[in-house]
Protein chains: 2
Amino acid sequence: MAPKDQAQGTENSGQLDFPRPLATVDVVIFAIRNEGLHVLLVQRPAGAGEPFPLSWALPGGFVDVAKDRDLEACAVRKLKEKTGVTSPYLEQLGSWGSAGRDPRGWSATHAYFALMPEEAGRTALAPDAQWFPVSAGRIKPKLAFDHGEILTAAVERLRNKVEYTSLPAYLMPAEFTLPDLQRVYEIVLDRPLEKSAFRTRILSADMIEPIAKMRRGPNRPAQLYRLKKGKEPVYFVRTFNPPE
Amino acid sequence: MAPKDQAQGTENSGQLDFPRPLATVDVVIFAIRNEGLHVLLVQRPAGAGEPFPLSWALPGGFVDVAKDRDLEACAVRKLKEKTGVTSPYLEQLGSWGSAGRDPRGWSATHAYFALMPEEAGRTALAPDAQWFPVSAGRIKPKLAFDHGEILTAAVERLRNKVEYTSLPAYLMPAEFTLPDLQRVYEIVLDRPLEKSAFRTRILSADMIEPIAKMRRGPNRPAQLYRLKKGKEPVYFVRTFNPPE
DNA sequence: CTAAGTAAGTTGCACAGTACAACTAAGTAG
DNA sequence: CTACTTAGTTGTACTGTGCAACTTACTTAG
């Protein structure tokens with residue numbers, strides 16, 4: 001039986017015995033590793049009746065109406081199961097739902113995207129999880145379901161936001177230098193940025209603070225910074241001017 | 001029975017006989033009427049077992065797995081049912097899902113937001129639908145479910161985007177002047193904008209074109225424009241500089 | 001016919017923040 | 001001590017907004 005057109009709004013919408021779509025949550029987890037943007041994927045099981053056996057997929061799964069108080073709690077749970085940690089940044093990305101995206105039936109997934117420092121993703125990675133480099137907004141293996149499309153949307157959202165926010169700060173380790181941060185911006189945007197304009201922008205944003213320590217190397221030492229506590233992401237009033 | 005932790009990923013996730021959340025779609029439909037931002041609401045029925053009887057709510061309802069190919073098609077359908085038209089702009093806003101938001105059980109809604117010109121919303125409005133003014137991001141009546149929260153998020157998203165996009169163009173009638181458009185920007189942002197900077201921004205964006213007609217009034221006539229066909233929204237590289 | 005009023009549209013200068021490029025500073029390695 | 005490298009600064013050009021005064025084109029009152 002199909003729901004009434006005006007479900008949530010007709011005299012008999014109290015009857016709820018019509019077919020419901022499957023509800024899942026998937027999380028696109030980004031980290032910087034080896035000077036490159038990486039995403040965490042999970043290999044699908046090979047069991048009978050399993051869709052996309054052995055394909056790689058975004059970590060996620062069904063909403064558990066007994067366990068999950070709300071969608072975000074569900075996303076946090078999935079993230080924790082695969083990485084052993086909670087991420088410093090979690091944002092809703094959007095939802096994808098259609099008749100055909102899952103062979104098991106009409107399904108809708110609520111996608112989230114998370115940013116974490118490399119160091120966080122090393123602790124307790126699930127055995128079926130693995131980091132994959134993202135190049136040109138794509139991943140090498142073809143992903144299960146429509147996860148390739150979701151990943152592309154996540155990369156695009158990340159790139160757009162990096163243009164005018166402080167999001168890359170959540171990809172940094174506890175202590176970092178300004179050139180470190182700039183490199184992460186450049187990795188995500190895949191283009192070089194102006195050093196002086198970058199420094200002006202970041203330092204006037206009141207988002208990081210210097211600590212009493214320098215990063216020493218074979219050349220001039222660099223000031224180390226840390227994120228100010230409890231800092232929301234900062235929104236700048238301009239984008240970096242794209243080249244072209 | 002609860003889904004496995006690793007649903008979409010365990011040997012027996014082929015079994016799909018665990019409880020599923022309710023899946024709905026709701027649409028926040030904006031239009032400018034009487035120099036003010038308005039949103040379309042629908043009054044809930046009074047039948048037995050109906051949650052929030054006679055409260056006002058966002059137009060929406062259950063996903064119909066037989067009728068709706070995907071979520072967006074479902075949103076378009078809801079929109080059409082209430083307004084009789086399709087809107088020139090429809091964007092996904094986010095999803096809200098939790099155990100408590102609907103007394104009938106764990107439910108998740110996929111929220112969209114739509115922009116349309118006033119003229120479009122006059123044709124075939126459903127009898128239970130009505131336009132309400134939005135002031136200070138709020139609506140007078142307390143809305144059903146968590147729709148107040150969703151509306152607040154939609155207004156916030158709209159305000160943010162108006163700061164650096166051409167979205168208000170979708171709120172305009174077929175022919176409009178630049179001062180008309182500026183007024184709509186000012187209505188949404190709730191603050192005055194600079195005339196000359198506004199004109200420079202809009203005219204250099206290649207989004208509207210002048211037509212061979214002027215708007216005549218008790219003073220200097222104004223050039224009429226129309227949206228260029230098939231125009232995607234334009235993103236500017238700066239926001240208008242907020243005051244203070 | 002003229003003057004006053006009003007809104008459309010233009011112009012010029014100040015200001016903020018990025019782009020570009022050259023410079024200084026502080027370390028290591030030979 | 002010199003060469004090299006990266007951190008960090010400085011100065012000038014450019015772009016687009018903020019602000020304010022100005023011109024233009026119409027209506028209405030007299």
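As the structure is a computational prediction, the values presented were derived from the model and not from experiment. So that the names make sense, note that chain A is the first sequence line, chain B the second, and so on, each numbered from 1.
- Under the 4.5 Å side-chain criterion, counting only non-hydrogen atoms from C-beta, B:Gln92 is in contact with A:Ser95.
- Residue contacts shown for B:Pro218 include a base, since a base heavy atom lies under 4.0 Å away.
- Protein atom CG of B:Leu203 is 14 Å distant from nucleotide atom C1' of D:dG16, rounded to whole Å.
- B:Leu125 is listed as a side-chain neighbour of B:Leu40, based on a closest heavy-atom distance under 4.5 Å.
- Mapped onto DNA chain C by nearest heavy atom, A:Arg201 and B:Pro179 fall at different nucleotides, with B:Pro179 at the one closer to the 5' end.
- Using a 4.0 Å heavy-atom distance criterion, A:Ser196 is classed as a base contact.
- Computed from coordinates, the A:Glu194 CD to D:dC14 P distance equals 15 Å when rounded to whole Å.
- The base of D:dT24 sits within donor-acceptor range of the side chain of B:Arg220, with an N or O pair under 3.5 Å.
- Contact detail for A:Arg101 and A:Phe145: the closest heavy-atom pair is O-CD2, 3.4 Å.
- The nearest whole Å value for the distance from the CZ atom in B:Arg216 to the P atom in D:dA25 is 12 Å.
- One can place CD of B:Gln182 at 11 Å from P of C:dG9, the figure rounded to the nearest angstrom.
- For B:Asn219, the listed nucleotide lying nearest its side chain is C:dA7; candidates were C:dA7, D:dT17, C:dA26.
- Applying the 4.0 Å criterion to OP1 and OP2 of D:dT9, one finds that A:Arg199 has a side-chain N or O inside that range.
- Between A:Lys82 and A:Asp128 there is a salt bridge, with a side-chain nitrogen of the basic residue lying less than 4.0 Å from a carboxylate oxygen of the acidic one.
- Note: CE (B:Met214) to C1' (C:dA8) measures 8 Å, nearest angstrom.
- Considering only heavy atoms from C-beta on, B:Pro59 stays 4.5 Å or farther from B:Lys78 through its side chain.
- Atom C1' of nucleotide C:dA7 and atom CD of B:Gln223 are separated by 15 Å, given to the nearest angstrom.
- Atom CD of A:Glu186 and atom P of C:dA19 are 12 Å apart (whole Å).
- Residue-to-nucleotide proximity on DNA chain D shows that, of B:Gly217 and B:Arg238, the 5′-proximal contact is made by B:Arg238.
- The interatomic distance linking B:Lys195 (NZ) with D:dA20 (P) rounds to 13 Å, in whole Å.
- Here D:dG30 sits opposite C:dC1 as a Watson-Crick or G-U wobble pair (both hydrogen-bonding atom distances under 3.5 Å).
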